[in-house]
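Bear in mind the structure is a predicted one, so any value in this text is a computation, not a measurement. Per chain, numbering begins at 1; letters A, B, ... match sequence-line order.
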Amino acid sequence: MAEIYLLLASVAAGTLGAILGLGGGLIVVPVLTLFYGVEIRYAVAASLVSLVATSSGAAASYLRDSLTNVRLAVFLEVGTVSGAICGFLLSTHVRSSHLFLLFGSFLLFSAVMMLLQREDSSSGENHPWAERLRLDGRYPGAGGELVPYRVAQVPLGLAAMFGAGVLSALLGIGSGIFKVLAMDKAMRLPIKVSSATSNFMIGVTAAASAGAFFLRGDIRPEIAAPVSLGILGGSLVGARLMLRLPARLIRRLFVAVLAVVSFQMIAKGLA
Amino acid sequence: MSSLSQGEGFDTQSESDPLRRLELRICRLLRAGVALVALLLAGGWAGMLWEKGQTLGTFSSYRTRPLPQELAQALREGNAAVLAAYAGLALLISLPVLRVLLCAALFLKRRERLMATLAFLVLGALLGSLFLGLEL
(Lines give C-alpha, C1' and ligand atoms only; values in the text may rest on other atoms or scores of the structure.)
Protein backbone atom coordinates (compact mmCIF):
# COMPACT_ATOMS: atom_id res chain seq x y z
CA MET A 1 0.00 0.00 0.00
CA ALA A 2 2.95 2.32 0.73
CA GLU A 3 3.87 2.10 -2.96
CA ILE A 4 0.38 3.20 -4.05
CA TYR A 5 0.51 6.14 -1.62
CA LEU A 6 3.90 7.06 -3.11
CA LEU A 7 2.35 7.02 -6.59
CA LEU A 8 -0.47 9.30 -5.37
CA ALA A 9 1.99 11.62 -3.61
CA SER A 10 3.99 11.83 -6.84
CA VAL A 11 0.84 12.67 -8.82
CA ALA A 12 0.21 15.48 -6.32
CA ALA A 13 3.84 16.63 -6.61
CA GLY A 14 3.62 16.66 -10.41
CA THR A 15 0.30 18.54 -10.37
CA LEU A 16 1.53 21.14 -7.90
CA GLY A 17 4.83 21.44 -9.74
CA ALA A 18 3.08 22.14 -13.05
CA ILE A 19 0.72 24.71 -11.48
CA LEU A 20 3.60 26.56 -9.79
CA GLY A 21 6.11 26.15 -12.62
CA LEU A 22 8.46 23.96 -10.59
CA GLY A 23 9.88 20.52 -11.14
CA GLY A 24 8.55 17.80 -8.85
CA GLY A 25 11.96 17.27 -7.24
CA LEU A 26 11.51 19.98 -4.63
CA ILE A 27 8.45 18.10 -3.38
CA VAL A 28 9.24 14.45 -3.99
CA VAL A 29 12.68 14.30 -2.34
CA PRO A 30 11.32 15.53 1.06
CA VAL A 31 8.33 13.15 0.72
CA LEU A 32 10.61 10.16 0.10
CA THR A 33 13.10 11.01 2.83
CA LEU A 34 10.87 12.46 5.57
CA PHE A 35 7.73 10.32 5.14
CA TYR A 36 9.07 7.06 3.70
CA GLY A 37 12.50 7.05 5.35
CA VAL A 38 14.19 6.39 1.99
CA GLU A 39 17.94 7.14 2.02
CA ILE A 40 18.46 10.57 0.43
CA ARG A 41 20.78 9.23 -2.32
CA TYR A 42 18.05 6.92 -3.64
CA ALA A 43 15.52 9.77 -3.38
CA VAL A 44 17.78 12.15 -5.32
CA ALA A 45 18.38 9.54 -8.05
CA ALA A 46 14.64 8.78 -8.41
CA SER A 47 13.84 12.48 -8.55
CA LEU A 48 16.38 13.04 -11.35
CA VAL A 49 14.72 10.37 -13.48
CA SER A 50 11.31 11.95 -12.95
CA LEU A 51 12.77 15.30 -14.12
CA VAL A 52 13.93 13.65 -17.35
CA ALA A 53 10.41 12.25 -17.84
CA THR A 54 8.57 15.54 -17.38
CA SER A 55 11.10 17.56 -19.35
CA SER A 56 11.06 15.14 -22.30
CA GLY A 57 7.27 15.16 -22.30
CA ALA A 58 7.20 18.94 -22.27
CA ALA A 59 10.10 19.40 -24.72
CA ALA A 60 7.81 18.55 -27.59
CA SER A 61 5.63 21.54 -26.70
CA TYR A 62 8.64 23.78 -26.07
CA LEU A 63 9.92 23.04 -29.57
CA ARG A 64 6.62 24.21 -31.02
CA ASP A 65 6.56 27.58 -29.25
CA SER A 66 8.65 30.61 -30.05
CA LEU A 67 9.70 31.35 -26.47
CA THR A 68 12.44 28.77 -26.05
CA ASN A 69 15.82 29.95 -27.30
CA VAL A 70 17.30 26.63 -28.43
CA ARG A 71 20.64 28.17 -29.44
CA LEU A 72 21.06 29.67 -25.97
CA ALA A 73 19.88 26.42 -24.35
CA VAL A 74 22.49 24.36 -26.22
CA PHE A 75 25.20 26.86 -25.25
CA LEU A 76 24.21 26.96 -21.57
CA GLU A 77 23.91 23.16 -21.44
CA VAL A 78 27.70 23.09 -21.72
CA GLY A 79 27.69 24.67 -18.24
CA THR A 80 24.82 22.69 -16.71
CA VAL A 81 26.05 19.31 -18.00
CA SER A 82 29.63 19.84 -16.83
CA GLY A 83 28.25 21.05 -13.48
CA ALA A 84 26.05 17.96 -13.21
CA ILE A 85 29.05 15.70 -13.85
CA CYS A 86 30.98 17.50 -11.08
CA GLY A 87 27.91 17.18 -8.84
CA PHE A 88 27.80 13.44 -9.47
CA LEU A 89 31.49 13.10 -8.58
CA LEU A 90 30.93 15.20 -5.45
CA SER A 91 27.92 13.09 -4.45
CA THR A 92 30.15 10.13 -3.62
CA HIS A 93 32.01 12.24 -1.04
CA VAL A 94 29.19 14.28 0.49
CA ARG A 95 27.59 12.81 3.61
CA SER A 96 23.81 12.31 3.75
CA SER A 97 23.49 14.80 6.63
CA HIS A 98 25.17 17.48 4.50
CA LEU A 99 22.78 16.72 1.64
CA PHE A 100 19.84 17.30 4.02
CA LEU A 101 21.35 20.63 5.09
CA LEU A 102 21.98 21.71 1.51
CA PHE A 103 18.50 20.64 0.41
CA GLY A 104 16.85 22.44 3.33
CA SER A 105 18.79 25.62 2.56
CA PHE A 106 17.86 25.43 -1.13
CA LEU A 107 14.18 24.97 -0.21
CA LEU A 108 14.34 28.08 1.94
CA PHE A 109 16.01 30.02 -0.89
CA SER A 110 13.30 28.80 -3.29
CA ALA A 111 10.55 29.87 -0.87
CA VAL A 112 12.01 33.39 -0.64
CA MET A 113 12.44 33.61 -4.42
CA MET A 114 8.82 32.53 -4.96
CA LEU A 115 7.63 35.39 -2.76
CA LEU A 116 9.59 38.03 -4.64
CA GLN A 117 7.99 39.70 -7.63
CA ARG A 118 9.78 39.04 -10.87
CA GLU A 119 10.28 42.05 -13.06
CA ASP A 120 11.07 42.03 -16.73
CA SER A 121 14.51 43.36 -17.49
CA SER A 122 16.11 43.83 -20.87
CA SER A 123 19.58 44.53 -22.15
CA GLY A 124 20.42 47.18 -24.70
CA GLU A 125 23.25 45.29 -26.32
CA ASN A 126 24.62 41.83 -26.83
CA HIS A 127 27.68 40.45 -25.05
CA PRO A 128 30.38 39.70 -27.67
CA TRP A 129 29.87 35.93 -27.20
CA ALA A 130 26.14 36.39 -27.81
CA GLU A 131 26.99 38.33 -30.96
CA ARG A 132 29.38 35.63 -32.18
CA LEU A 133 26.94 32.76 -31.47
CA ARG A 134 23.85 34.79 -32.47
CA LEU A 135 22.15 34.02 -29.15
CA ASP A 136 19.76 36.97 -29.27
CA GLY A 137 16.24 36.49 -30.58
CA ARG A 138 12.63 37.56 -30.70
CA TYR A 139 9.60 36.45 -28.72
CA PRO A 140 5.86 37.02 -29.09
CA GLY A 141 4.75 40.06 -27.07
CA ALA A 142 1.34 40.65 -25.47
CA GLY A 143 -0.19 41.74 -28.78
CA GLY A 144 1.36 38.86 -30.70
CA GLU A 145 4.06 41.08 -32.25
CA LEU A 146 7.66 39.79 -32.21
CA VAL A 147 9.77 41.66 -29.63
CA PRO A 148 13.55 41.52 -30.12
CA TYR A 149 15.85 40.93 -27.12
CA ARG A 150 19.60 40.90 -26.50
CA VAL A 151 21.70 38.66 -24.26
CA ALA A 152 24.10 40.23 -21.72
CA GLN A 153 26.84 38.87 -19.42
CA VAL A 154 27.09 35.47 -21.12
CA PRO A 155 30.16 34.22 -19.15
CA LEU A 156 28.42 35.00 -15.84
CA GLY A 157 25.32 33.15 -17.02
CA LEU A 158 27.42 30.16 -18.05
CA ALA A 159 29.12 30.09 -14.62
CA ALA A 160 25.70 30.22 -12.91
CA MET A 161 24.55 27.29 -15.06
CA PHE A 162 27.56 25.28 -13.89
CA GLY A 163 26.43 25.91 -10.30
CA ALA A 164 22.86 24.94 -11.21
CA GLY A 165 24.17 21.68 -12.70
CA VAL A 166 26.11 20.84 -9.51
CA LEU A 167 23.00 21.46 -7.37
CA SER A 168 20.82 19.42 -9.73
CA ALA A 169 23.03 16.32 -9.46
CA LEU A 170 23.55 16.66 -5.70
CA LEU A 171 19.91 17.31 -4.77
CA GLY A 172 17.89 15.69 -7.57
CA ILE A 173 16.23 18.95 -8.57
CA GLY A 174 15.90 20.82 -11.85
CA SER A 175 17.42 24.00 -10.32
CA GLY A 176 14.88 25.92 -12.42
CA ILE A 177 14.61 28.76 -9.89
CA PHE A 178 18.38 29.22 -9.96
CA LYS A 179 18.59 29.02 -13.77
CA VAL A 180 15.76 31.50 -14.30
CA LEU A 181 17.30 33.88 -11.77
CA ALA A 182 20.62 33.83 -13.65
CA MET A 183 18.94 34.38 -17.01
CA ASP A 184 16.69 37.16 -15.65
CA LYS A 185 19.17 39.10 -13.58
CA ALA A 186 22.55 38.39 -15.19
CA MET A 187 21.77 37.77 -18.84
CA ARG A 188 18.84 40.23 -18.85
CA LEU A 189 16.48 37.97 -20.79
CA PRO A 190 12.70 38.49 -20.83
CA ILE A 191 10.98 36.42 -18.11
CA LYS A 192 8.99 34.27 -20.53
CA VAL A 193 12.10 33.41 -22.53
CA SER A 194 14.17 32.55 -19.45
CA SER A 195 11.41 30.32 -18.01
CA ALA A 196 10.86 28.43 -21.27
CA THR A 197 14.59 28.03 -21.97
CA SER A 198 15.23 26.84 -18.39
CA ASN A 199 12.46 24.22 -18.73
CA PHE A 200 13.92 23.05 -22.02
CA MET A 201 17.36 22.51 -20.43
CA ILE A 202 16.22 20.61 -17.32
CA GLY A 203 15.99 17.17 -18.95
CA VAL A 204 19.49 17.35 -20.42
CA THR A 205 20.94 18.59 -17.12
CA ALA A 206 19.24 15.79 -15.20
CA ALA A 207 20.26 13.15 -17.76
CA ALA A 208 23.95 14.08 -17.33
CA SER A 209 24.00 12.72 -13.79
CA ALA A 210 21.02 10.33 -14.05
CA GLY A 211 22.94 8.14 -16.52
CA ALA A 212 25.86 7.80 -14.09
CA PHE A 213 23.55 7.20 -11.10
CA PHE A 214 21.70 4.58 -13.18
CA LEU A 215 24.82 2.58 -14.01
CA ARG A 216 26.06 2.88 -10.42
CA GLY A 217 22.81 1.26 -9.27
CA ASP A 218 21.38 4.24 -7.36
CA ILE A 219 18.24 4.46 -9.50
CA ARG A 220 16.00 1.73 -8.08
CA PRO A 221 12.94 0.92 -10.23
CA GLU A 222 10.94 0.20 -7.05
CA ILE A 223 11.20 3.93 -6.22
CA ALA A 224 11.84 5.56 -9.61
CA ALA A 225 8.91 3.89 -11.43
CA PRO A 226 6.06 5.15 -9.19
CA VAL A 227 7.73 8.55 -8.77
CA SER A 228 8.25 9.05 -12.54
CA LEU A 229 4.81 7.75 -13.50
CA GLY A 230 3.15 9.86 -10.80
CA ILE A 231 4.99 13.08 -11.60
CA LEU A 232 4.48 12.59 -15.34
CA GLY A 233 0.74 12.01 -14.87
CA GLY A 234 0.47 14.84 -12.35
CA SER A 235 2.21 17.31 -14.64
CA LEU A 236 -0.38 16.58 -17.36
CA VAL A 237 -3.20 17.17 -14.86
CA GLY A 238 -1.49 20.32 -13.52
CA ALA A 239 -1.09 21.80 -17.01
CA ARG A 240 -4.87 21.49 -17.52
CA LEU A 241 -5.76 22.82 -14.05
CA MET A 242 -3.29 25.71 -14.20
CA LEU A 243 -5.65 28.19 -15.84
CA ARG A 244 -8.62 27.42 -13.56
CA LEU A 245 -6.96 27.57 -10.12
CA PRO A 246 -6.04 30.66 -8.09
CA ALA A 247 -2.29 30.33 -8.65
CA ARG A 248 -1.39 33.22 -6.31
CA LEU A 249 -3.17 31.65 -3.33
CA ILE A 250 -1.67 28.23 -4.06
CA ARG A 251 1.77 29.83 -4.37
CA ARG A 252 1.47 31.47 -0.92
CA LEU A 253 0.31 28.24 0.70
CA PHE A 254 3.08 26.35 -1.01
CA VAL A 255 5.71 28.84 0.18
CA ALA A 256 4.54 28.23 3.76
CA VAL A 257 4.75 24.45 3.29
CA LEU A 258 8.16 24.82 1.63
CA ALA A 259 9.45 26.83 4.60
CA VAL A 260 8.25 24.23 7.12
CA VAL A 261 9.71 21.33 5.09
CA SER A 262 13.01 23.18 4.68
CA PHE A 263 13.34 23.53 8.46
CA GLN A 264 12.55 19.81 8.84
CA MET A 265 15.24 18.89 6.30
CA ILE A 266 17.77 21.16 8.03
CA ALA A 267 16.83 19.67 11.41
CA LYS A 268 17.33 16.16 10.02
CA GLY A 269 20.72 17.20 8.64
CA LEU A 270 21.76 18.57 12.03
CA ALA A 271 20.43 15.58 14.00
CA MET B 1 9.36 31.32 -36.26
CA SER B 2 11.30 28.51 -34.73
CA SER B 3 13.64 29.33 -31.89
CA LEU B 4 16.45 27.64 -33.82
CA SER B 5 16.14 30.35 -36.38
CA GLN B 6 16.86 33.20 -33.99
CA GLY B 7 19.46 35.68 -35.03
CA GLU B 8 18.91 35.50 -38.77
CA GLY B 9 15.17 35.32 -39.04
CA PHE B 10 14.89 32.18 -41.17
CA ASP B 11 11.26 31.32 -41.68
CA THR B 12 10.88 27.80 -40.40
CA GLN B 13 7.30 28.20 -39.20
CA SER B 14 6.01 26.64 -42.37
CA GLU B 15 5.64 22.87 -42.20
CA SER B 16 6.96 22.67 -45.75
CA ASP B 17 10.38 23.76 -44.49
CA PRO B 18 12.59 20.64 -44.19
CA LEU B 19 14.15 21.87 -40.92
CA ARG B 20 10.76 22.61 -39.37
CA ARG B 21 9.65 19.14 -40.44
CA LEU B 22 12.68 17.69 -38.66
CA GLU B 23 11.78 19.67 -35.49
CA LEU B 24 8.23 18.32 -35.64
CA ARG B 25 9.65 14.84 -36.09
CA ILE B 26 11.67 15.37 -32.89
CA CYS B 27 8.42 16.37 -31.11
CA ARG B 28 6.68 13.18 -32.23
CA LEU B 29 9.70 11.05 -31.36
CA LEU B 30 9.87 12.48 -27.83
CA ARG B 31 6.14 12.01 -27.25
CA ALA B 32 6.24 8.43 -28.52
CA GLY B 33 9.36 7.77 -26.42
CA VAL B 34 7.71 9.05 -23.22
CA ALA B 35 4.58 6.97 -23.91
CA LEU B 36 6.68 3.82 -24.40
CA VAL B 37 8.65 4.59 -21.22
CA ALA B 38 5.39 4.97 -19.26
CA LEU B 39 4.18 1.58 -20.54
CA LEU B 40 7.45 -0.20 -19.68
CA LEU B 41 7.67 1.41 -16.22
CA ALA B 42 4.03 0.73 -15.38
CA GLY B 43 4.23 -2.89 -16.55
CA GLY B 44 7.56 -3.52 -14.83
CA TRP B 45 6.50 -1.86 -11.58
CA ALA B 46 3.19 -3.74 -11.45
CA GLY B 47 5.02 -7.04 -12.04
CA MET B 48 7.57 -6.24 -9.32
CA LEU B 49 4.79 -5.37 -6.86
CA TRP B 50 3.04 -8.64 -7.70
CA GLU B 51 6.20 -10.72 -7.21
CA LYS B 52 7.96 -9.00 -4.32
CA GLY B 53 5.23 -7.02 -2.57
CA GLN B 54 6.29 -3.94 -0.61
CA THR B 55 10.00 -3.17 -0.84
CA LEU B 56 10.23 0.56 -0.05
CA GLY B 57 11.26 -0.18 3.52
CA THR B 58 14.48 -1.83 2.30
CA PHE B 59 15.86 1.45 1.00
CA SER B 60 16.36 3.19 4.33
CA SER B 61 20.10 2.62 4.14
CA TYR B 62 22.44 3.04 1.20
CA ARG B 63 23.68 -0.32 -0.11
CA THR B 64 23.97 0.06 -3.82
CA ARG B 65 24.83 -2.62 -6.38
CA PRO B 66 26.02 -1.74 -9.91
CA LEU B 67 23.44 -2.03 -12.68
CA PRO B 68 25.29 -4.80 -14.61
CA GLN B 69 25.05 -7.05 -11.53
CA GLU B 70 21.34 -6.27 -11.09
CA LEU B 71 20.67 -7.02 -14.75
CA ALA B 72 22.70 -10.25 -14.64
CA GLN B 73 20.65 -11.46 -11.67
CA ALA B 74 17.35 -10.53 -13.34
CA LEU B 75 18.44 -12.39 -16.50
CA ARG B 76 19.46 -15.50 -14.52
CA GLU B 77 16.10 -15.50 -12.74
CA GLY B 78 14.20 -14.67 -15.94
CA ASN B 79 12.56 -11.76 -14.11
CA ALA B 80 10.72 -9.98 -16.95
CA ALA B 81 9.24 -7.30 -14.66
CA VAL B 82 12.63 -6.06 -13.45
CA LEU B 83 14.03 -6.17 -16.99
CA ALA B 84 11.05 -4.18 -18.33
CA ALA B 85 11.43 -1.55 -15.59
CA TYR B 86 15.15 -1.19 -16.28
CA ALA B 87 14.48 -1.01 -20.05
CA GLY B 88 12.02 1.83 -19.38
CA LEU B 89 14.54 3.70 -17.25
CA ALA B 90 17.30 3.23 -19.86
CA LEU B 91 15.04 4.49 -22.64
CA LEU B 92 13.95 7.44 -20.52
CA ILE B 93 17.52 8.55 -19.79
CA SER B 94 18.44 8.19 -23.47
CA LEU B 95 15.65 10.58 -24.64
CA PRO B 96 17.47 13.85 -23.79
CA VAL B 97 20.65 12.41 -25.31
CA LEU B 98 18.72 11.77 -28.51
CA ARG B 99 17.31 15.30 -28.36
CA VAL B 100 20.82 16.81 -28.17
CA LEU B 101 21.96 14.56 -31.04
CA LEU B 102 19.09 15.77 -33.22
CA CYS B 103 19.82 19.42 -32.30
CA ALA B 104 23.45 18.86 -33.33
CA ALA B 105 22.26 17.34 -36.61
CA LEU B 106 20.02 20.39 -37.19
CA PHE B 107 22.94 22.78 -36.68
CA LEU B 108 25.13 20.68 -38.97
CA LYS B 109 22.46 20.76 -41.63
CA ARG B 110 22.41 24.56 -41.30
CA ARG B 111 26.23 24.55 -41.63
CA GLU B 112 26.53 26.26 -38.25
CA ARG B 113 29.77 24.62 -37.22
CA LEU B 114 30.28 26.46 -33.93
CA MET B 115 26.79 25.63 -32.61
CA ALA B 116 27.09 22.05 -33.92
CA THR B 117 30.43 21.71 -32.09
CA LEU B 118 28.83 22.94 -28.85
CA ALA B 119 25.94 20.48 -29.25
CA PHE B 120 28.38 17.61 -29.91
CA LEU B 121 30.38 18.72 -26.85
CA VAL B 122 27.24 18.42 -24.70
CA LEU B 123 26.51 15.04 -26.34
CA GLY B 124 30.05 13.82 -25.61
CA ALA B 125 29.76 14.93 -21.98
CA LEU B 126 26.41 13.13 -21.63
CA LEU B 127 27.84 9.90 -23.04
CA GLY B 128 31.06 10.27 -21.05
CA SER B 129 29.13 10.69 -17.81
CA LEU B 130 27.80 7.14 -18.23
CA PHE B 131 31.32 5.75 -17.91
CA LEU B 132 31.73 7.60 -14.60
CA GLY B 133 28.87 5.53 -13.26
CA LEU B 134 30.52 2.34 -14.46
CA GLU B 135 33.93 3.09 -13.03
CA LEU B 136 32.89 4.17 -9.55
query: Using non-hydrogen atoms only, which part of Leu229(A) is less than 4.5 Å away from chain B: side chain, backbone, both, or neither?
result: side chain

task: List in chain and number order the residues that pass salt bridge (charged side-chain N to carboxylate O under 4.0 Å, His left out) with Arg65(B), two or more places apart in sequence or in another chain; answer none if no residue qualifies.
output: Glu70(B)

statement: Correct closest heavy-atom pair for Trp45(B) and Pro221(A) would be CD1-O, 4.3 Å

message: Does any backbone or side-chain atom of Ile40(A) lie under 4.5 Å from a heavy atom of chain B? Answer side chain, backbone, both or neither.
response: neither

CG on Asp218(A) to CG on Leu67(B), rounded to 0.5 Å: 11.0 Å

field: Minimum side-chain heavy-atom gap Thr58(B)-Glu222(A) below 4.5 Å
entry: no

- prompt: Below 4.5 Å, heavy atoms only, C-beta onward: do Val81(A) and Val100(B) meet side chain to side chain?
  reply: no

- prompt: Mind checking which of residues 71-87 of chain B sit less than 4.5 Å from chain A, heavy atom to heavy atom?
  reply: Ala85(B), Tyr86(B)

- prompt: For Phe213(A), is it the side chain, the backbone, both or neither that has a heavy atom under 4.5 Å from a heavy atom of chain B?
  reply: neither

message: In the structure I gave you, are the side-chain heavy atoms of Leu232(A) and Val37(B) within less than 4.5 Å of one another anywhere?
response: no

query: So what's closer than 4.5 Å to chain B heavy atoms on Leu6(A): side chain, backbone, both or neither?
result: side chain

query: Parallel, tilted or perpendicular: which fits the ring planes of Phe59(B) and Tyr42(A), with parallel below 30° and perpendicular above 60°?
result: perpendicular

message: Could you report the tightest heavy-atom contact between Leu121(B) and Val78(A), atom names first, then the distance?
response: CD2-CG1, 4.1 Å

query: With distance as the sole test, does Thr64(B) use its side chain to make a donor-acceptor pair with the main-chain N or O of Arg216(A) at under 3.5 Å?
result: yes

- prompt: Just one of Leu126(B), Leu95(B), Val97(B) clears the side-chain contact (heavy atoms from CB on, under 4.5 Å) bar with Val204(A), so which one?
  reply: Leu126(B)

task: Name the region of Ser228(A), side chain, backbone, both or neither, that has any atom closer than 4.5 Å to a heavy atom of chain B.
output: side chain

- prompt: Would you find a donor on one side and an acceptor on the other, under 3.5 Å apart, between the side chain of Ser129(B) and the backbone of Ile85(A)?
  reply: no

- prompt: If you measure from CZ on Arg220(A) to CG on Leu89(B), what distance do you get to the nearest 0.5 Å?
  reply: 10.5 Å

